[in-house]
Amino acid sequence: MSLLSVSGLTTEFRTDAGWRAAVRDVDLEVGANETLAIVGESGSGKSVTALSILRLLPEAGARIAGGSCLFEGRDLAHLDETAMQAIRGARIGMVFQEPMTALNPTMTIGNQIGEVLVRHRGMPRAEARAETLRLLERVRLPSPARRIDDYPHQFSGGMRQRVVIAMAIACRPALLLADEPTTALDVTIQAQILRLLKELQRENGMGMIFITHNLGVVAQIADRVAVMYAGRIVESAPVDEIFARPLHPYTRGLLQAMPRHDRMQDLEPIPGAVPSIRETIVGCAFAPRCPLRIARCVEAPPLDAVGENHAVRCWVAAEKVPA
Amino acid sequence: MSDGLTVSGLSKTFVSGGGLLGGPEQRVRAVDDVSFAVEEQGSLGLVGESGCGKSTAARCVLRLIEPDAGAIHYADIDIAKAGRHELVRIRRRIQIVFQDPYSSLNPRRTIRQTLTEPLRVHGVCAGREADERAGQMLSEVGLSRDVLNRYPHEFSGGQRQRVGIARALMLEPSFVVADEPVSALDVSVQAQVLRLLADLRDRRRLGFLFISHDLGVIRHFCKQVAVMYLGRIVEQGPVEELFREPLHPYTRLLLDSSPVPDPAARRDLSEETGEVPSASNPPPGCAFHPRCPHAMPVCREIRPATTSPAPNRLVACHLYG
Amino acid sequence: MLRYVAKRLLFTLPILFVVATCVFQLARVVPGDPALVILGDQANAEALQALRQRMGLDRSLMAQYLSFLWDTVRGDLGLSLSSNRTVWSEISAVLPFTIELTIAATFVGVVLGVPVGVLAALRRNRVADYVTRLLSLAGLSFPAFVSGILLLLAFAVQLRWFPVVSRIVINDPLTRLHNLVLPSINLGLIMAAYVTRVTRSSMLGVLTEDYMRTARAKGLSRRRIVWSHGLRNALIPIVTVVGLYFGTMIGNSVLTEIVFNRPGVGKLILGALQSRDYTLLQGLMIVFAFFVVMVNLCTDLVYGLIDPRVKAR
Amino acid sequence: MSTRTANPMWSALASAFRTNKTSWVGFVMIVLIILAALLAPVLAPADPIEQDILRKLEPPSAESILGTDSFGRDILSRILYGARISLVVGLASILIASLIGGALGVIAGYVGGRVDRLIMGAMDVMLAFPTLLLGLMIVAMIGPSLQNLIIAIALTEIAPFARIARAPTLLLREREFIEAGRALGFSDLRLMFVHILPNIVSDLVVMGTLWMAQAIRTEASLSFIGLGVPPPTATWGSMVREGFEHILDAPWLAVLPSLAILLTVIALNMLGDGLRDAIDPKLRRE
């Protein structure tokens, strides 16, 4: 039984050329205690997917054009705003990419965390403060009692990210959306934050959607992986499987283009660039950059199951593998 | 004096605040007694986390930032002591490629203006000849000559980075300082630009000082590497050896923290390894000791000297003193 | 915080010093002999000489400058050339009326401008927003005397709700208030136009900030997000405009006082211009500059209260 | 075949015109006002200065469309000629102020340190004088004339331009293309005026439009106080002043030139405001 089940999610943005899809027909499943990593380059739609699930996209410029997000028996895509507010921060927490700008600069970190507890758990202020202290200790902010009344600018990036995490888990949500939570951090701090997220997940039995562009981080934290390209999922598989047996030419390309520090390998760049949201895509979006391109790629390939839990959206790759 | 770039005892302290209205004075030793050498046509990687002083050190080499102390020599030129006119001469020998492709090109100038301006300013050539050279350079970095009249906003990040590289090479330098040249790019484009830089290095016999926070990129591009922490170089040596067998505990931490795209290589960093201390108030002794699993009493008091425990290897750590 | 205040206070001293120097220099540019201006063409040489001596005009420029500075520091702005009273007593007699007017106008401007600006930002590109933008654009285009004349024509001449000429009776607070209404609305509406615009654009900027998204992700209600997380962060540019507007407002209050025939600094200036009373003008400039600098200081202090990052600087 | 693409600044301004109706309306209005001022000798039905005591204070009629003033002068003619003074003072003072202020701002922002503190300190002092009063003081000292008005108003607006030029210069100075220019051996002058200045020209143009509105208002206010171009020259502010004496018996005398001032200022504000929306990165970001 999965915790969140997204199907057919399509999100569109208003451009000067009309409404264009940034996320097309995305299906996702996340269970309790499970980490799904969504990996892709900029413009792949990975962040938009997360923001669509929580319905945090700007109302004027974006819309969910189709699909459903079933979570705890309700369809988030069609919930009214008030009901959605009761879910945000309470049942689903979110951690953002930029710890430097994600916190309100004019409010103490204690109040920013306490606010969630007052809002969702109805705590009186004093109780919320005590709980906030506990949370800050839990995310290993050094000397929390002394720093609870400090403002965000008095913290380093890593420490701010701990505050954001404390805020996201304050109500013990069932699902955590982490949108590139370590991209802005140095590697030594990144390792600490990844470890913290894992611990918290284990403690609370949370499901987690972890969005990143870094395949190394994916290998560290994910149970299952979905690779996105130009708004679509092009391949999904368990983590061991996808690194051992990548099928989609884009997944393979990414692995071959990433320089590794643990061994020397020849880099094989993917030629060309990611299509812009304004371009109209016919057929397979990756075809113009693809080494395996065949005539049939002018038709859009479906996401074909090619093994247990492994699916790939490619005419060539799906054919080669005995299903 | 050997060929190539030699830097010794380079130091730079930034002072902020102080004076009548500035509040408490803050002194940040961004670069502290840094020495390294890059052979002619060699490539040295300078690696470290944000705020370790690697970019400052690189800019000091070009005198984009005036160093407080230290000697910098390139071939027969004494860069640290160079006067105004000599500096102009240095500009033709050493160039720089920047990190952010969106900030490194003037949005109001066409690619033609951007590429031919250095030629005109240095009196190399102008007019048709300059255009011709700009066109050649564009094809060398993998762009079409047709883009000469375009403005930067019409290009993707990777293409802009190519223009930035072309601009750096217009004066035909023999040495390039590359400050995180691929950090702002997506993985697939990053590999394209890395390959381009490697091609240019081989074809034009360029020397490189390559700054990056990404160990994988450094390993891929450089022969030698120097690891910086809080303004000092803690370890240097050949890339392969150093990554295979790191000596300094910080290098080890850095390697262990950098994730590898292989689920089998998952590491559980059980220790809490702390944060980088403030550069305005660095710990006494060895700056790494508060985070170091091997810290000894001596580390708190005495700054370790640089020693050479193995051929070609240099490390500043009391474990090897 | 105390340190910050002290620091900012210290910073105003050189500005005030240079202001005083400029005013002194400016007053020396005046063609003609001030003593002659006061006593008129028929005055005899002895009387002129006596007056010059009394005013210190016979001393060297440096000596005059130094005693001018010393007098200014002590709050002594000299003698008015036209009335023979001290400049300070001339100014302080009418200053309360001008202060009363500017405070009332600021109240109108802020109370009207901020909420309207926030609402316009929230309804961006809808009808309410367009109407607000057009009205505020028109509002800040009014020279104060033009809007004053139109208000006067409509509410005093046509509707007769207010007197055409203010008659201020100090002891009758109700009449005084009644007389204040039209001038302060005139001044306040123009200010509200500025405040509305800056509130709108500042709020629009804040609405796209990451921390506003974080606040939404926490499940806070829309009202709390806008008024508690948003407005406080939008306040800095608003305070800046209110502070910067003060200089314009002094000019506008001068015009307003002239149009509504209210006692105040405006009419004092007119009088000083007509009688070529340069010491009075000089004193007025110093007093105004002092006020402007003090208002700037206050806005800086308010920054410190709104934004914790300012104090750290 | 190489393709030429539009300079991003001009295309931003052009698209502002296309998308922003306010700036269009303002633009058309200001063009009409400029035309009226230029063609005043042709359009004006009567001499703006010649008095005709027999026809004083006539209300609008077929003979003189907008009526006559207390000296029997034709109001329409005086308004048309008055436009010349307002526009000349506005334009000239803004040109002077933007050139001096813009250059000071770029230098302060680029050089930084002591130079910055010195320049901006001087600007702070200038800002400490209320705009209208500073103009008033200067004109009172050096005497009212067209030239002196322009100088006085220009002086009051140097400081705002310096601030407007300095802020983006501070940001641009940190951009890597400036550093690249230094690495390529470009001189500071070249970097300031070839590389930075074109990036802030659009800010200066927009602010120039808005401050020209302010300048016209200041000129009208000074005239209203009696410190404008001296009579008998027709200026809008002095017409309002003369008309204000007849506010009860001939209100149109004050109202008509008031409307002329208002329309001109509104037109400039609409134009500038629309342009600013187009170039403001904060609003463009979404």
Side-chain angles (χ1 to χ4, degrees), chain C residues 14-16 18-19 21-23 26-27 29-31 130 133-134 137-138 140-147 149-150 152-153 157 164 197 201-202 204-205 207-208 244 246-252 254-255 258-259 266 269-270 272-274 276 278 281-282 284-285 288-293 296, chain D residues 22 26 121-122 124-143 156 160 210 213-214 216-218 220-221 224-227 236-237 240-241 243-244 247-248 251 254-255 257-259 261-270 273 276-277 280 282-283 285-286:
Chain C
I15 294 191
L16 285 175
V18 181
V19 165
T21 308
C22 289
V23 169
L26 215 52
V29 182
V30 183
Y130 281 120
R133 282 167 71 188
L134 271 183
L137 200 65
L140 60 88
S141 300
F142 271 102
F145 65 94
V146 170
S147 51
I149 287 173
L150 296 182
L152 204 62
L153 273 173
V157 178
V164 175
R197 285 166 55 84
S201 75
S202 169
L204 278 180
L207 286 176
T208 62
L244 276 183
F246 187 74
T248 313
M249 175 133 85
I250 289 179
N252 280 346
V254 167
L255 295 168
I258 294 170
V259 170
I269 288 181
L270 265 198
L273 282 174
Q274 269 148 18
R276 303 171 77 76
Y278 294 114
L281 274 179
Q282 177 180 298
L284 279 165
M285 286 305 282
F288 279 140
F290 177 77
F291 270 110
V292 170
V293 169
N296 283 343
Chain D
T22 330
D124 277 349
V125 170
M126 288 178 81
L127 282 173
F129 295 101
T131 321
L132 181 65
L133 295 197
L134 182 57
L136 186 147
M137 190 79 177
I138 297 169
V139 177
M141 299 299 175
I142 59 183
T156 67
L210 294 174
Q214 165 85 8
I216 287 177
R217 225 166 26 176
T218 306
S221 302
F224 178 73
I225 292 173
L227 288 173
W236 290 344
V240 177
R241 183 166 104 112
F244 191 49
I247 190 80
L248 293 175
V255 170
S258 289
L259 291 180
I261 301 168
L262 190 59
L263 279 181
T264 312
V265 177
I266 285 186
L268 284 169
N269 275 334
M270 285 170 92
D273 196 52
R276 176 163 55 188
D277 274 2
D280 187 354
K282 213 199 234 162
L283 296 177
R285 191 172 52 184
E286 305 157 53

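What's counted below: heavy atoms across the whole structure, side chains too, no hydrogens, waters or symmetry copies. The sequence lines fix the lettering, A, B, ..., with proteins before strands; numbering per chain opens at 1. Bear in mind that the values here come from a model prediction, so they are computed numbers and not experimental data.
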J.: Less than 4.5 Å to any heavy atom of chain C: does that hold for the side chain of D/I266, its backbone, both, or neither?
T.: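 Contact with chain C: backbone and side chain both.
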J.: Do you know the tightest heavy-atom contact between C/C22 and D/V125?
T.: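 Heavy-atom minimum between the residues: SG-CG1, 4.4 Å.
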J.: Identify which part of C/L281 has an atom lying under 4.5 Å from any heavy atom of chain D, answering side chain, backbone, both or neither.
T.: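 For C/L281, backbone and side chain are both near chain D.
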J.: Side chain, backbone, both or neither: which part of C/I15 has a heavy atom under 4.5 Å from chain D?
T.: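 Both backbone and side chain.
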J.: For D/V139, check side-chain contact (heavy atoms from CB on, under 4.5 Å) against everything at least two apart and list the hits.
T.: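 For D/V139 the side-chain contact (heavy atoms from CB on, under 4.5 Å) partners, ignoring immediate neighbours, are D/P144, D/L149, D/A152, D/L222, D/L227.
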J.: Counting only heavy atoms closer than 4.5 Å, note whether D/A220 contacts chain C via side chain, backbone, both or neither.
T.: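 Both parts, backbone and side chain.
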J.: Decide yes or no for D/I261 and C/F145: does some side-chain heavy atom of the first lie under 4.5 Å from some side-chain heavy atom of the second?
T.: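 A side-chain contact under 4.5 Å exists here.
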J.: Is D/M126 close to chain C through its backbone or its side chain, or both, or neither, when contacts mean heavy atoms under 4.5 Å?
T.: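 Neither the backbone nor the side chain of D/M126 comes within 4.5 Å of chain C.
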J.: Nearest heavy-atom pair of D/L127 and C/V292: which atoms, and what distance?
T.: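 Shortest heavy-atom separation between D/L127 and C/V292 comes out as O-CG1, 3.8 Å.
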J.: Using heavy-atom distances under 4.5 Å, tell me whether C/I269 contacts chain D through its side chain, its backbone, both, or neither.
T.: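 Contact with chain D: side chain only.
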J.: Tell me, side chain or backbone of C/L16 under 4.5 Å from chain D's heavy atoms, or both, or neither?
T.: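 For C/L16, there is no contact with chain D at all, as no heavy atom is under 4.5 Å.
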J.: Give, as side chain, backbone, both or neither, the part of C/V19 having an atom under 4.5 angstrom from any heavy atom of chain D.
T.: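 Both parts, heavy atoms under 4.5 Å.
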J.: Which residues satisfy the side chain to side chain donor-acceptor pair (under 3.5 Å) test with C/N296, sequence neighbours excluded?
T.: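 In terms of side chain to side chain donor-acceptor pair (under 3.5 Å), with neighbours along the sequence ignored, C/N296 is linked to no residue.
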J.: Using heavy-atom distances under 4.5 Å, tell me whether D/L133 contacts chain C through its side chain, its backbone, both, or neither.
T.: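 Both parts, backbone and side chain.
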